[in-house]
Amino acid sequence: MNKLVMNFLVTEGYVEAAEKFQVESGTQPEVELGTITDRMAVRKAVQSGNMEDAIEKVNDLDPEILDTNPQLFFHLQQQRLIELIRNGRLEEALEFAQEELAPRGAENHAFLEELERTVALLAFEDTSGCPVAELLDLSQRQKTASELNAAILTSQSHEKDPKLPSLLKMLIWAQNQLDEKASYPHINDLVNATLEEPVA
């Protein structure tokens, strides 16, 4: 159980909690805890919209991450374009789209479709009524940050998703399946993991 908790803390980037948990439980993390701080700095840069800094930081960590993942690099550049549009730097955004993203779109049809959706933001003075306004939501930054975080974890030979949430979902699914066939003690309170006897 301690390894599952440590896996969750490391994967989600809770470095201070992982350090304290390591001391209290004696559980060793699967990666160097210093790498978590670096990974979280990259994630924070993306979440704050500073894409140049994020790209620089990820290249400092491991330049092969972006070299071997053209889709991720495109998404980071796409997010950079979105940030230019968000900040009203429209001429710069158009120039960036033409010089940096259009050549990638010519190579890959999926990239071209995403680029067209993003450039559509330029056609609206008030982007709130734009059909692709969701690209300006902070959830778009989070999506890009999560994709980059997963790539960094993979490059460090670590799982990109924590195991604990998946196991809890599996427990709930298994209980639902068993409910149809048998009477057994349930775990309804996942926080305390207390078993409840079946109702007769």
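Start at 1 with the first residue, then count along the sequence.
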Cluster question for you: counting only ILVMFWY and a side-chain heavy-atom cut-off of under 4.5 Å, with indirect links fine, are [X] and [Y] together?
| X | Y | answer |
| --- | --- | --- |
| Leu122 | Leu115 | yes |
| Val42 | Phe74 | no |
| Leu153 | Leu148 | no |
| Leu72 | Val46 | yes |
| Leu76 | Ile82 | no |

Kindly give the heavy-atom pair with the smallest separation between [X] and [Y], and that separation in Å.
| X | Y | result |
| --- | --- | --- |
| Cys130 | Ala120 | SG-O, 4.4 Å |
| Thr127 | Ala133 | O-CB, 3.1 Å |
| Arg86 | Asp137 | NH2-O, 4.3 Å |

Do [X] and [Y] get their side chains close enough for a donor-acceptor pair, meaning under 3.5 Å?
| X | Y | value |
| --- | --- | --- |
| Gln142 | Ser146 | yes |
| His109 | Glu113 | yes |
| Ser128 | Asp126 | yes |
| Glu197 | His186 | no |

Once you round to the nearest 0.5 Å, how far does [atom1] of [X] lie from [atom2] of [Y]?
| X | Y | atom1 | atom2 | value |
| --- | --- | --- | --- | --- |
| Leu136 | Arg141 | CG | CZ | 9.5 Å |
| Leu61 | Ser155 | CG | OG | 7.5 Å |
| Ser48 | Arg43 | OG | CZ | 13.0 Å |
| Ile65 | Thr154 | CD1 | OG1 | 9.0 Å |
| Lys57 | Lys44 | NZ | NZ | 9.5 Å |
| Leu121 | Leu81 | CG | CG | 8.0 Å |

Any [X] side-chain heavy atom under 4.5 Å of [Y] side chain:
| X | Y | value |
| --- | --- | --- |
| Asp62 | Ile152 | no |
| Met51 | Gln77 | no |
| Asp60 | Glu56 | yes |
| Pro29 | Gln22 | yes |
| Val132 | Phe124 | no |
| Arg39 | Val10 | yes |
| Arg117 | Glu134 | yes |
| Tyr14 | Phe8 | yes |

| request: Go through the steps to decide whether Lys3 and Gln28 satisfy the test side chain to side chain contact (heavy atoms under 4.5 Å, CB included), and finish with yes or no. | output: CA-CA 8 Å; Lys3 286 184 178 182; Gln28 293 299 316; over 6 Å; no
| Yes or no on side chain to side chain contact (heavy atoms under 4.5 Å, CB included) for Val5 and Thr27, after CA distance, side-chain angles and deciding distance? | CA-CA 9 Å; Val5 172; Thr27 305; over 6 Å; no
Quick check against the 3.5 Å criterion: does [X] have a side-chain atom that pairs as donor or acceptor with the backbone of [Y]?
| X | Y | result |
| --- | --- | --- |
| Asn149 | Ala145 | no |
| Asn108 | Phe111 | yes |
| Thr35 | Val31 | no |
| Asn87 | Glu83 | yes |

Does [X] [atom1] have over 12 foreign heavy atoms under 6.0 Å away?
| X | atom1 | answer |
| --- | --- | --- |
| Glu196 | CD | yes |
| Glu64 | CD | no |
| Glu19 | CD | yes |

| message | Checking Leu135 against Thr118 for the side chain to side chain contact (heavy atoms under 4.5 Å, CB included) test, could you report, in this order, the C-alpha distance in whole Å, the side-chain angles of both residues, the deciding distance, and whether it holds? | response | CA-CA 7 Å; Leu135 292 174; Thr118 307; 3.9 Å; yes
| request: Starting from the C-alpha separation in whole Å, work towards a yes-or-no answer on side chain to side chain contact (heavy atoms under 4.5 Å, CB included) for Gln175 and Tyr184. | output: CA-CA 9 Å; Gln175 285 187 161; Tyr184 63 96; 3.1 Å; yes
